[in-house]
Amino acid sequence: PTKPYLRNIKGGWRIQNVLTAYNKFLVKRSLSKGVDIFHPTYFDTYYLDSLGKTKFVLTIYDMIHEKKIQAIHQNQATAQLIADKKKLALVASKIIAISESTKKDIIDLYGIDSDKIEVIYLSGSLQQDHAFQPDKNLPKKYILFVGNRRGYKNFNFFAKSIASLLTADKNLHLICAGG
């Protein structure tokens, strides 16, 4: 889809295509000149033939497409994403997984040696935002659900699972954020 900042410009999708192609050209040119480590941000494979001896690090956040989405949404885009992700994982010098669970899934689903995968947990900023003021209307006791409440984040299962807790304790609330 066209990026939001280009939607209101006539031919914005053409501009986006040109910018994407130019970005890919610059990445491949940089790789051909030689860099020490390359860490892409998504599962695109256009640069593989330009890596040479460059060390390549891949971050995998989850295996949701392989475990759930593929079964729900049988389409070419999902199949291509899964194929590209596996191809990159197999050729990567090192893989960063964001949890032990993701690491286990990578090993189980792709057959990759555990020594190739490092778990590095996600973190937020360690700097305190002094301007932030928490919502004073939050209940004292609550369960927080962060994420999309459509199918693949399993919200319905979560809600059913905590229903008895919420019924038993009238002071306990469910707060949802994100999605």
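Predicted, not measured: the structure shown is a model, and the values here were computed from it.
- Interatomic distance, Cys176 SG to Asn148 CG, rounded to the nearest 0.5 Å: 11.0 Å.
- Residue Asp169 places its CG atom among more than 12 non-hydrogen atoms of other residues, nucleotides or ligands, all under 6.0 Å distant.
- Residue Lys116 places its NZ atom among more than 12 non-hydrogen atoms of other residues, nucleotides or ligands, all under 6.0 Å distant.
- The number of heavy-atom neighbours closer than 6.0 Å to CD1 of Ile37, taken from other residues, nucleotides and ligands shown, is 12 or below.
- Contact annotation: the side chain of Ile82 never approaches that of Phe43 to less than 4.5 Å [non-hydrogen atoms, C-beta and beyond].
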With side-chain hydrogen bond (donor to acceptor under 3.5 Å, both in side chains) as the criterion, how do Thr78 and His65 come out once you've worked through the C-alpha distance, each side chain's angles and the decisive distance to 0.1 Å?
CA-CA 7 Å; Thr78 299; His65 289 89; 5.7 Å; no
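- With hydrophobic clusters built from ILVMFWY side chains whose heavy atoms lie under 4.5 angstrom apart, Phe56 shares a cluster with Ile112.
- Residues Glu66 and Asp105 have side chains not in contact (no heavy-atom distance under 4.5 Å, counting atoms from C-beta outward).
- Between Asn171 and Lys140, every side-chain heavy-atom pair lies at or beyond the 4.5 Å cut-off.
- With rounding to the nearest 0.5 angstrom, the CD atom of Gln80 is 9.5 Å from the CG atom of Asp44.
- Across all their heavy atoms, Thr102 and Ala97 have their closest contact at CG2-CB, 4.0 Å.
- Between the side chain of Ser50 and the main chain of Ser32, no donor-acceptor pair closer than 3.5 Å is present.
- Linking Ile, Leu, Val, Met, Phe, Trp and Tyr whenever their side-chain heavy atoms come within less than 4.5 Å puts Leu172 and Ile162 in one cluster.
- Ring geometry, Phe155 versus Phe145: the interplanar angle exceeds 60°, so the pair is classed perpendicular (tilted spans 30 to 60°).
- The two atoms that bring Ser114 and Ile107 nearest to each other are CB-CD1, 3.5 Å, heavy atoms only.
- Rounding to the nearest 0.5 Å gives a distance of 4.5 Å between CG of Leu26 and OH of Tyr22.
- At least one side-chain heavy atom of Ile96 sits under 4.5 Å from a side-chain heavy atom of His39.
- Hydrophobic clustering (side-chain heavy atoms under 4.5 Å, transitive across Ile, Leu, Val, Met, Phe, Trp, Tyr) groups Leu90 together with Phe38.
- Minimum heavy-atom separation, Ile143 to Leu165: CD1-CD1, 4.5 Å.
- Considering CD1 of Ile106 and CG of Asp62, their distance stands at 9.5 Å, rounded to 0.5 Å.
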In sequence, state the C-alpha distance, the side-chain angles, and the governing distance for Lys67 and Leu109, and then conclude on side chain to side chain contact (heavy atoms under 4.5 Å, CB included).
CA-CA 9 Å; Lys67 292 179 75 175; Leu109 294 167; 3.8 Å; yes
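- Going from atom CD1 of Ile175 over to atom NZ of Lys141 covers 13.5 Å, rounded to the nearest 0.5 Å.
- Looking at Leu48 and Leu88, their side chains come closer than 4.5 Å, going by heavy atoms from C-beta outward.
- The distance from atom OH of Tyr110 to atom CD1 of Ile117, rounded to the nearest 0.5 Å, is 10.5 Å.
- At a threshold of 4.5 Å between side-chain heavy atoms, the hydrophobic network of Ile, Leu, Val, Met, Phe, Trp and Tyr places Leu144 and Leu122 in two separate groups.
- Linking ILVMFWY side-chain heavy atoms closer than 4.5 Å, directly or via other members, places Tyr47 and Val91 in a single hydrophobic cluster.
- Glu100 has its side chain within reach of Tyr121: a pair of non-hydrogen atoms, C-beta onward, lies under 4.5 Å apart.
- Smallest separation of non-hydrogen atoms from Ala92 and Leu58: CB-CB, 4.1 Å.
- In this structure the side chain of His173 never reaches within 4.5 angstrom of the side chain of Leu138, judged on heavy atoms.
- Contact annotation: the side chain of Lys94 approaches that of Glu118 to within less than 4.5 Å [non-hydrogen atoms, C-beta and beyond].
- The two residues Val35 and Ser30 have their closest heavy-atom pair at CG1-O, 3.7 Å.
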